[in-house]
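Written below as structure tokens is the structure these notes are about.
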Amino acid sequence: MKGAFHDASQEPLDVEVDVVVIGSGAGGGAAARTLTDAGLSVLVLEEGPYIEAAMLGFKAFDSLNKMMRNGGHQAAIGKAAMPIIQACVVGGTTFVNSAIIWRLPEKVLAQWQKEHGLADGFRANELDDAYAQLERDMFVREVEAANVNGSDRKMALGAAAAGIEHRAIHRNERECKGSGRCLHGCHNNAKQSTAINYLRRAAELGAQVFSHARADVILRENGKAVGVRGTARGNGPRAGMSFTARARRAVIVAASVIQSPNLLRRNGIGRDNDALGNHFMAHPGTSLVGLYKDPVNTWTGAAQGYEAYGLRDTLGIKFESINVPPEVAASRLPGFGASYQKMLERMPHMAIWSAAIKADGVGSVRPSRLLGGDLIRYNMIEADFVRLRQGLKRLAEMHFLAGATEVLPGVHGLPDSIQADQLSVFDSAPLDGTGYGIIATHLFGTCRAGSDTQHSVVDGNLQVHHTPNLYVMDASVFPSNTGVNPQHSIMAIATMAARRLASA
Amino acid sequence: MKFFRFEQQRADIIGRAILPRGTLGGTCDSCDLGAEMARQFSLTPWWSAILTRLGIALVWYAPFFLLGRFGTFAKLGLDEKHKLLDRFARSKNYWLREIAMILKMNACTAGMANAETMTYLGAYDFGRAPAAAPVLLGRSGT
């Protein structure tokens, strides 16, 4: 046992509890904490390892390899290969993200309620109550002035001058030391990932949290979910051995937008449902580099400290400052030879800002024996690229208004570097994914909630249609993408559903 | 998958063309690029590793196919190596551009991920810059 957590490759795991939760990220962590608070016995199964702060480094390749699914080499396949970053550790992606907190926009909730029959399922007052509790428990606040770096300050200047609403990012952290290493996992234990906060609290109240515990089979009797059979992973003496966990009240699948539908499909659940594994949506994003006369020290302070969100409702685009690890950022800089070496020397003067789009493109997820377990098909549509290039033009404009001397578009077919009077080059940027370096981080929709049992996978209580006692509580139940960072909404919706389950 | 010995040697030569000695104040010089790229390759899933393997082979023999010259990448001068890599990076073919980017990323993640380079760049808590003058940030404003 490491701290409050157990390792399935070291300890036996054959138990009977009230609720088995598969996945320890935002959804699983919130559900486990809520159910434990309500007095239920809970077992959390996490496929990945538990990683202590002392084990965290700063090298991008090793961080990805240690903490991400398929070593960070997961990608959606379409016209272009689009990397999809998903953590596989205790805490899930909450362990490696930038802890950005947004409530679900009212418009999105209203759309879900109206178009998916969720007026009774996703009630605003219940969600507001869950949000309020989460914000208290996870110490949500805006980035402190001491942790704001030069890139953040430039974004504040540029957004203000461009007339785009903006703010310091609100994060769930406590006593952040501003080491700039959020994306490698917080080595100060300041970021309130579920591994630090919700799961630890649940474990203190009696929940059992097992790392290296992969769920393979959802056990059912008379159509009801009654437990999970799985396999221990890792390097301990029990690695490769199977385990069985019985669930008296419920099995909750919170394994992510990619793994949740595939786990259901592998178990023959919902195969005749036309929503399972479909309607995959995302917030694909790319970045622009602005070069400034003075150093901006991008790699200090908060990994992401500032955001400009004023184009969310018009273009469906949100801008954020981000400190992509230096060695990864270097690989996206143009050229080779002397010009490239000069560019590398200027890295401390570079502010990297991302643009993430609420894309209308839709894809699918299926199990695959070849590609690390999952086949993801996804393409943005042409309208998404039209909005993306408009957004990049505004982002470049913000850079120049903030004082950038040049901007590096990083788009195939455009100049390597542009000046303030060349913003129109974005009007001819490509209309397909092969011209951009795009990454998808926020994922949605593959087990979407709804009242129509044929066109949705779970109901408003997040229970799988026609399968009593089986629930899905992660972003796969979101009927669409949200336009904002989803962790907070995943936790709020899981909290809401877990409260109902506990009181049922 | 693991590199063959010749692949590690080729990776080292291609990597050093991307990050020549002296880059970033010489902070990347002490890295054995071939060995580190081989370590990373051994930890990479097959579908990604195969692109690296293919990329090394294509770049290695590119002088023959692209320049019509006998000899391999190793026989080119440094400027010619850079021009050749640039042709990959600017190709109309998406996969050739991806190969150039993957090789660049392999070289950078291998060569730059060390405390000396991070200190040189002032990154993370290795080289924290002096605090800038406090600036009041707008709260949800335009």
Side-chain angles (χ1 to χ4, degrees), chain A residues 58-62 65 70-71 73 75 79-81 142-143 145-146 148-150 152-153 156 159-160 163-168 177-181 295 297-300 306 310 323 325-328 330-338 340-341 344-345 347-348 370-372 412 434-435 437, chain B residues 17-20 22-25 36 40 43-49 78-79 81-86 89-90 92 94 97-98 100-115 117-118 120-129 131-132 134-142:
Chain A
F58 64 91
K59 301 181 179 185
F61 181 90
D62 292 335
N65 185 59
N70 293 318
H73 294 269
K79 192 162 184 188
E142 73 174 25
V143 173
V148 169
N149 62 35
D152 303 328
R153 282 191 287 273
I164 298 171
E165 283 181 286
H166 57 95
R167 70 178 191 182
K177 294 182 172 61
S179 64
R181 287 162 55 173
N297 302 314
T298 286
W299 293 284
T300 60
Y306 216 80
N323 74 354
E327 63 271 45
V328 177
S331 69
R332 303 298 309 192
L333 298 177
F336 291 91
Y340 182 60
Q341 285 179 282
L344 292 177
E345 289 290 340
M347 286 183 75
L370 280 177
L371 297 169
H412 176 65
T434 61
Chain B
I18 295 167
L19 289 181
T23 300
L24 292 171
E36 179 59 15
Q40 294 186 0
L43 296 168
T44 299
W46 72 264
W47 60 87
S48 195
L78 196 54
D79 276 354
K81 286 176 179 167
H82 294 149
K83 281 178 187 161
L84 190 69
L85 289 168
D86 212 42
R90 296 180 196 284
K92 285 183 181 172
Y94 167 71
R97 295 200 303 274
E98 280 294 289
M101 193 277 292
I102 287 167
L103 292 175
K104 205 178 214 181
M105 186 172 285
N106 289 342
C108 290
T109 54
M112 290 175 61
N114 61 73
T117 304
M118 297 299 153
Y120 188 83
L121 293 172
Y124 306 140
D125 23 21
F126 291 98
R128 184 180 287 273
V135 173
L136 289 177
L137 293 169
R139 277 177 184 272
S140 303
T142 55

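No hydrogens, no waters, no symmetry mates; every other heavy atom, side chains included, goes into these values. Just so it is clear: chains get the letters A, B, ... in the order the sequence lines come, proteins before strands, and each one is counted from 1.
- When every heavy atom of B:Ala113 is checked against every heavy atom of A:Lys59, the shortest pair comes out as O-CE, 3.1 Å.
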* Please test B:Phe126 against A:Phe58 for side-chain contact (heavy atoms from CB on, under 4.5 Å), starting from the C-alpha separation and ending with a verdict. => CA-CA 10 Å; B:Phe126 291 98; A:Phe58 64 91; 3.4 Å; yes

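- Side-chain N/O atoms of A:Gln341 and B:Thr23 include a donor and acceptor closer than 3.5 Å.
- Contact of A:Pro295 with chain B is not made at all, since no heavy-atom distance falls under 4.5 Å.
- Side-chain atoms of B:Trp47 come within 3.5 Å of backbone atoms of A:His73 as a donor-acceptor pair (strictly under, hydrogens ignored).
- Of the atoms belonging to A:Asp62, it is side-chain heavy atoms, and not backbone ones, that fall under 4.5 Å from chain B.
- Contact between A:Asn70 and B:Pro45 at its shortest, heavy atoms only, is O-CG, 3.4 Å.
- The closest donor-acceptor contact from the side chain of B:Tyr94 to the backbone of A:Ala81 lies under 3.5 Å.
- Under the ring-ring contact (aromatic ring centres under 6.0 Å, His included) criterion, A:Phe61 pairs with no residue, sequence neighbours left out.
- Here the closest heavy-atom approach between residue B:Tyr124 and residue A:Gly180 is recorded as CE2-O, 3.2 Å.
- Nearest heavy-atom pair, A:Pro326 versus B:Met118, reported as atom, atom and distance to 0.1 Å: CG-SD, 3.7 Å.
- Neither the backbone nor the side chain of B:Asp79 has a heavy atom closer than 4.5 Å to any heavy atom of chain A.
- Remark: B:Leu103 CG to A:Ser331 OG distance equals 11.0 Å, nearest 0.5 Å.
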* To do: Run the numbers on B:Asp125 and A:Lys177 for salt bridge (Lys or Arg N to Asp or Glu O under 4.0 Å), then give the verdict.
  => CA-CA 9 Å; B:Asp125 23 21; A:Lys177 294 182 172 61; over 6 Å; no

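- The two atoms that bring B:Leu121 and A:Leu344 nearest to each other are CD2-O, 4.1 Å, heavy atoms only.
- One finds the CG atom of B:Asn114 at 9.0 Å from the CD atom of A:Glu327 (value rounded to the nearest 0.5 Å).
- With sequence neighbours excluded, the residues forming a side chain to side chain contact (heavy atoms under 4.5 Å, CB included) with A:His412 are B:Arg97, listed by chain and number.
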* To do: Give the intermediate values and the outcome of side-chain contact (heavy atoms from CB on, under 4.5 Å) for residues A:Glu345 and B:Tyr120.
  => CA-CA 9 Å; A:Glu345 289 290 340; B:Tyr120 188 83; 2.7 Å; yes

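- Among all heavy-atom pairs drawn from A:Phe336 and B:Ile18, the shortest one is CE2-CG1, 3.9 Å.
- Neither the backbone nor the side chain of B:Ile102 comes within contact range of chain A; no heavy atoms are under 4.5 Å apart.
- Looking at B:Lys104, its side chain never comes within 3.5 Å of a backbone N or O of A:Ala330 through a donor-acceptor pair.
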